[in-house]
Amino acid sequence: MKSTLITSLAALSALALGGCQVVMVEDSPGPRTSYYDGDFEYAGHKGAVYTIVSGNPFGGSQETFSKLVRATMKNQARAGRPISFVGRQDGTTYKPYKVVVGFNPDNRDGDDLCKSAEYPQIKSNTTKVVMAFCFGDSLKSSSTGWVDGLKGVNDSNFTKLVKETTNAMIPSQDGHDIGEGGNIAN
(Lines give C-alpha, C1' and ligand atoms only; values in the text may rest on other atoms or scores of the structure.)
Protein backbone atom coordinates (compact mmCIF):
# COMPACT_ATOMS: atom_id res chain seq x y z
CA MET A 1 0.00 0.00 0.00
CA LYS A 2 2.78 2.45 0.92
CA SER A 3 4.66 1.64 -2.29
CA THR A 4 1.55 2.29 -4.38
CA LEU A 5 0.88 5.58 -2.59
CA ILE A 6 4.48 6.73 -2.96
CA THR A 7 4.51 5.75 -6.64
CA SER A 8 1.23 7.58 -7.24
CA LEU A 9 2.45 10.72 -5.49
CA ALA A 10 5.70 10.62 -7.45
CA ALA A 11 3.81 10.26 -10.73
CA LEU A 12 1.56 13.21 -9.88
CA SER A 13 4.61 15.28 -8.97
CA ALA A 14 6.18 14.41 -12.31
CA LEU A 15 3.05 15.52 -14.16
CA ALA A 16 2.96 18.77 -12.22
CA LEU A 17 6.53 19.55 -13.25
CA GLY A 18 5.52 19.32 -16.90
CA GLY A 19 8.48 19.32 -19.25
CA CYS A 20 11.11 18.78 -16.56
CA GLN A 21 13.08 15.55 -16.58
CA VAL A 22 12.19 13.55 -13.49
CA VAL A 23 13.83 10.28 -12.56
CA MET A 24 11.22 7.80 -11.32
CA VAL A 25 12.23 4.63 -9.45
CA GLU A 26 10.10 1.80 -8.11
CA ASP A 27 11.22 -1.25 -6.18
CA SER A 28 9.47 -4.57 -6.65
CA PRO A 29 6.32 -4.94 -4.56
CA GLY A 30 6.69 -6.93 -1.35
CA PRO A 31 6.78 -9.11 0.43
CA ARG A 32 9.83 -10.56 -1.28
CA THR A 33 9.55 -14.12 -0.05
CA SER A 34 12.86 -15.19 -1.62
CA TYR A 35 14.85 -12.21 -0.30
CA TYR A 36 16.30 -12.36 3.21
CA ASP A 37 18.07 -9.56 5.05
CA GLY A 38 21.76 -10.06 4.45
CA ASP A 39 21.42 -11.79 1.06
CA PHE A 40 23.11 -8.99 -0.85
CA GLU A 41 25.80 -8.55 1.79
CA TYR A 42 26.51 -12.28 1.58
CA ALA A 43 26.59 -12.18 -2.23
CA GLY A 44 29.15 -9.37 -2.09
CA HIS A 45 31.15 -10.51 0.93
CA LYS A 46 34.25 -11.05 -1.25
CA GLY A 47 34.01 -7.45 -2.50
CA ALA A 48 31.99 -7.65 -5.73
CA VAL A 49 28.88 -9.02 -7.42
CA TYR A 50 28.95 -10.36 -10.99
CA THR A 51 26.85 -7.94 -13.07
CA ILE A 52 25.51 -8.34 -16.60
CA VAL A 53 24.48 -5.15 -18.41
CA SER A 54 22.19 -5.60 -21.44
CA GLY A 55 21.03 -2.96 -23.85
CA ASN A 56 22.46 0.44 -24.63
CA PRO A 57 19.90 3.16 -25.40
CA PHE A 58 22.57 5.55 -26.69
CA GLY A 59 24.45 3.34 -29.17
CA GLY A 60 28.20 2.91 -29.23
CA SER A 61 30.30 0.24 -27.59
CA GLN A 62 28.33 -2.11 -25.34
CA GLU A 63 31.51 -2.95 -23.42
CA THR A 64 32.28 0.71 -22.68
CA PHE A 65 28.66 1.40 -21.73
CA SER A 66 28.55 -1.66 -19.43
CA LYS A 67 31.74 -0.60 -17.65
CA LEU A 68 30.31 2.89 -17.08
CA VAL A 69 27.04 1.50 -15.69
CA ARG A 70 28.86 -0.89 -13.33
CA ALA A 71 31.18 1.92 -12.14
CA THR A 72 28.16 4.16 -11.47
CA MET A 73 26.49 1.35 -9.48
CA LYS A 74 29.51 0.90 -7.19
CA ASN A 75 28.62 1.26 -3.48
CA GLN A 76 25.07 2.42 -4.31
CA ALA A 77 23.22 -0.69 -3.06
CA ARG A 78 22.17 -0.94 0.59
CA ALA A 79 24.92 -3.25 1.74
CA GLY A 80 26.62 -1.71 4.76
CA ARG A 81 30.00 -2.30 3.09
CA PRO A 82 31.68 -1.26 -0.15
CA ILE A 83 30.62 -3.53 -3.00
CA SER A 84 31.68 -3.30 -6.64
CA PHE A 85 29.80 -4.59 -9.66
CA VAL A 86 32.06 -6.47 -12.07
CA GLY A 87 31.67 -7.93 -15.56
CA ARG A 88 33.04 -11.41 -14.88
CA GLN A 89 33.05 -14.08 -12.21
CA ASP A 90 36.36 -14.03 -10.37
CA GLY A 91 37.84 -14.34 -6.87
CA THR A 92 35.90 -11.25 -5.71
CA THR A 93 32.48 -12.67 -6.63
CA TYR A 94 30.37 -15.45 -5.15
CA LYS A 95 28.49 -17.85 -7.43
CA PRO A 96 25.61 -18.23 -8.20
CA TYR A 97 24.67 -14.65 -7.22
CA LYS A 98 24.47 -12.04 -9.97
CA VAL A 99 22.87 -8.74 -10.87
CA VAL A 100 21.30 -8.23 -14.29
CA VAL A 101 20.74 -4.70 -15.58
CA GLY A 102 18.46 -4.32 -18.59
CA PHE A 103 18.03 -1.05 -20.49
CA ASN A 104 14.76 -0.59 -22.40
CA PRO A 105 13.84 -4.27 -22.03
CA ASP A 106 10.26 -3.83 -23.34
CA ASN A 107 7.97 -5.70 -20.94
CA ARG A 108 10.69 -7.82 -19.28
CA ASP A 109 10.80 -7.74 -15.50
CA GLY A 110 13.39 -8.85 -12.95
CA ASP A 111 12.18 -12.44 -13.05
CA ASP A 112 12.70 -12.55 -16.82
CA LEU A 113 16.17 -10.97 -16.59
CA CYS A 114 17.38 -13.55 -14.05
CA LYS A 115 16.50 -16.28 -16.53
CA SER A 116 17.96 -14.55 -19.61
CA ALA A 117 19.66 -11.23 -20.21
CA GLU A 118 18.84 -11.52 -23.93
CA TYR A 119 15.88 -9.48 -25.16
CA PRO A 120 14.95 -7.15 -28.01
CA GLN A 121 15.72 -3.60 -26.94
CA ILE A 122 12.91 -1.13 -27.66
CA LYS A 123 13.55 2.40 -28.94
CA SER A 124 11.82 5.08 -26.90
CA ASN A 125 12.14 8.66 -25.68
CA THR A 126 11.90 7.13 -22.20
CA THR A 127 15.02 5.43 -20.90
CA LYS A 128 13.94 2.53 -18.70
CA VAL A 129 16.23 0.36 -16.61
CA VAL A 130 15.30 -2.85 -14.80
CA MET A 131 17.73 -4.25 -12.24
CA ALA A 132 17.46 -7.77 -10.85
CA PHE A 133 19.40 -9.31 -7.97
CA CYS A 134 19.42 -13.03 -8.69
CA PHE A 135 20.44 -16.34 -7.17
CA GLY A 136 21.15 -18.28 -10.35
CA ASP A 137 17.98 -18.01 -12.43
CA SER A 138 15.78 -17.10 -9.44
CA LEU A 139 14.85 -13.53 -8.56
CA LYS A 140 15.74 -12.25 -5.09
CA SER A 141 14.68 -8.60 -5.60
CA SER A 142 14.39 -6.02 -8.34
CA SER A 143 13.75 -2.38 -9.17
CA THR A 144 12.75 -0.33 -12.18
CA GLY A 145 13.62 3.25 -13.05
CA TRP A 146 12.83 5.52 -15.95
CA VAL A 147 13.33 9.07 -17.20
CA ASP A 148 12.27 10.88 -20.37
CA GLY A 149 14.52 12.73 -22.76
CA LEU A 150 18.00 11.54 -21.83
CA LYS A 151 20.53 12.61 -24.44
CA GLY A 152 23.39 10.37 -23.33
CA VAL A 153 25.52 9.05 -20.49
CA ASN A 154 26.84 12.54 -19.66
CA ASP A 155 23.34 13.70 -18.67
CA SER A 156 23.23 14.05 -14.87
CA ASN A 157 19.85 12.29 -14.87
CA PHE A 158 21.49 9.19 -16.36
CA THR A 159 23.79 8.96 -13.33
CA LYS A 160 20.86 9.63 -11.00
CA LEU A 161 18.77 6.95 -12.76
CA VAL A 162 21.47 4.28 -12.36
CA LYS A 163 22.32 5.19 -8.75
CA GLU A 164 18.73 5.41 -7.51
CA THR A 165 17.64 2.22 -9.27
CA THR A 166 20.65 0.39 -7.79
CA ASN A 167 19.73 1.62 -4.31
CA ALA A 168 16.09 0.55 -4.72
CA MET A 169 17.09 -2.94 -5.95
CA ILE A 170 18.05 -4.01 -2.42
CA PRO A 171 15.07 -3.70 -0.06
CA SER A 172 15.43 -2.20 3.40
CA GLN A 173 13.70 -5.26 4.89
CA ASP A 174 12.71 -8.72 3.82
CA GLY A 175 9.23 -10.25 3.77
CA HIS A 176 9.87 -11.92 7.12
CA ASP A 177 10.34 -8.71 9.14
CA ILE A 178 7.51 -7.63 11.33
CA GLY A 179 6.33 -4.15 10.44
CA GLU A 180 4.22 -1.67 12.32
CA GLY A 181 1.13 -3.19 13.93
CA GLY A 182 2.56 -6.72 13.93
CA ASN A 183 1.92 -7.34 10.22
CA ILE A 184 4.56 -8.49 7.81
CA ALA A 185 6.23 -5.70 5.81
CA ASN A 186 3.92 -2.84 6.72
Side-chain angles (χ1 to χ4, degrees), residues 23-28 32 34-122 127-147 150 152-172 174:
V23 174
M24 304 288 292
V25 176
E26 175 181 78
D27 62 353
S28 58
R32 294 162 196 87
S34 66
Y35 180 82
Y36 294 92
D37 283 340
D39 275 347
F40 189 75
E41 292 84 348
Y42 185 68
H45 78 274
K46 293 182 175 184
V49 175
Y50 172 52
T51 304
I52 302 164
V53 179
S54 291
N56 180 346
F58 310 113
S61 164
Q62 181 66 39
E63 182 179 344
T64 301
F65 179 73
S66 297
K67 285 180 182 179
L68 174 67
V69 170
R70 287 190 292 265
T72 305
M73 293 172 69
K74 183 177 181 176
N75 299 330
Q76 296 303 311
R78 294 180 185 113
R81 71 173 67 188
I83 294 181
S84 297
F85 296 85
V86 297
R88 59 181 166 43
Q89 295 277 8
D90 61 21
T92 66
T93 61
Y94 190 65
K95 289 183 182 180
Y97 291 101
K98 66 184 176 187
V99 169
V100 182
V101 181
F103 282 87
N104 292 347
D106 197 19
N107 61 353
R108 304 291 194 291
D109 62 13
D111 231 359
D112 297 325
L113 292 180
C114 285
K115 293 177 179 114
S116 174
E118 301 295 320
Y119 58 84
Q121 182 179 334
I122 61 165
T127 301
K128 177 181 174 184
V129 62
V130 177
M131 294 189 183
F133 171 50
C134 314
F135 183 81
D137 290 344
S138 299
L139 179 67
K140 289 290 214 174
S141 65
S142 66
S143 60
T144 303
W146 59 96
V147 65
L150 286 183
V153 296
N154 295 323
D155 187 319
S156 62
N157 277 331
F158 174 76
T159 301
K160 186 175 180 181
L161 174 68
V162 172
K163 286 182 175 185
E164 289 183 9
T165 308
T166 304
N167 184 268
M169 176 180 56
I170 305 304
S172 59
D174 63 25

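The structure presented is a predicted model; accordingly, all values stated were derived computationally and were not measured. Only heavy atoms go into these numbers, but all of them, side chains included; no hydrogens, no water, no symmetry mates.
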Interatomic distance, [X] atom [atom1] to [Y] atom [atom2] [nearest 0.5 angstrom]:
X: Lys67; Y: Arg70; atom1: NZ; atom2: CZ; value: 8.0 Å
X: Met73; Y: Thr166; atom1: CE; atom2: OG1; value: 4.0 Å
X: Leu150; Y: Phe103; atom1: CG; atom2: CZ; value: 9.5 Å
X: Lys128; Y: Thr144; atom1: NZ; atom2: OG1; value: 6.0 Å
X: Ser138; Y: Asp111; atom1: OG; atom2: CG; value: 8.0 Å
X: His45; Y: Arg81; atom1: NE2; atom2: CZ; value: 8.0 Å

Around [X], counting heavy atoms of other residues, nucleotides and ligands shown, do more than 12 lie under 6.0 Å from its [atom1]?
X: Asn154; atom1: CG; answer: no
X: Lys46; atom1: NZ; answer: yes
X: Gln121; atom1: CD; answer: yes

Test item: [X] and [Y] side chains (from C-beta on) under 4.5 Å apart, heavy atoms:
X: Phe85; Y: Val99; answer: yes
X: Phe135; Y: Asp39; answer: no
X: Cys114; Y: Val100; answer: no
X: Tyr119; Y: Asn107; answer: no
X: Lys163; Y: Thr72; answer: yes
X: Arg88; Y: Val86; answer: no
X: Val130; Y: Met169; answer: no
X: Val53; Y: Phe65; answer: yes

Closest approach of [X] and [Y], non-hydrogen atoms and distance?
X: Thr93; Y: Val49; result: CG2-C, 4.1 Å
X: Asp106; Y: Pro120; result: CB-O, 4.4 Å
X: Ser141; Y: Ile170; result: OG-CD1, 4.2 Å
X: Asn75; Y: Ile83; result: OD1-N, 2.8 Å
X: Leu113; Y: Ala132; result: CB-CB, 4.4 Å

For Val69 and Phe158, what are the C-alpha separation, side-chain angles and deciding distance, and is it a side chain to side chain contact (heavy atoms under 4.5 Å, CB included)? CA-CA 10 Å; Val69 170; Phe158 174 76; 4.0 Å; yes
Please confirm whether the backbone N or O of [Y] pairs with a side-chain atom of [X], one donor and one acceptor, at under 3.5 Å?
X: Ser54; Y: Ile52; answer: no
X: Asn167; Y: Ala77; answer: no
X: Asn56; Y: Phe58; answer: yes
X: Asp109; Y: Asp112; answer: yes

Show the numbers, then the answer: is there a side chain to side chain contact (heavy atoms under 4.5 Å, CB included) between Val162 and Met131? CA-CA 9 Å; Val162 172; Met131 294 189 183; 4.2 Å; yes
May I ask you to decide if the ring planes of Tyr97 and Phe133 are parallel, tilted or perpendicular, using 30° and 60° as cut-offs? parallel
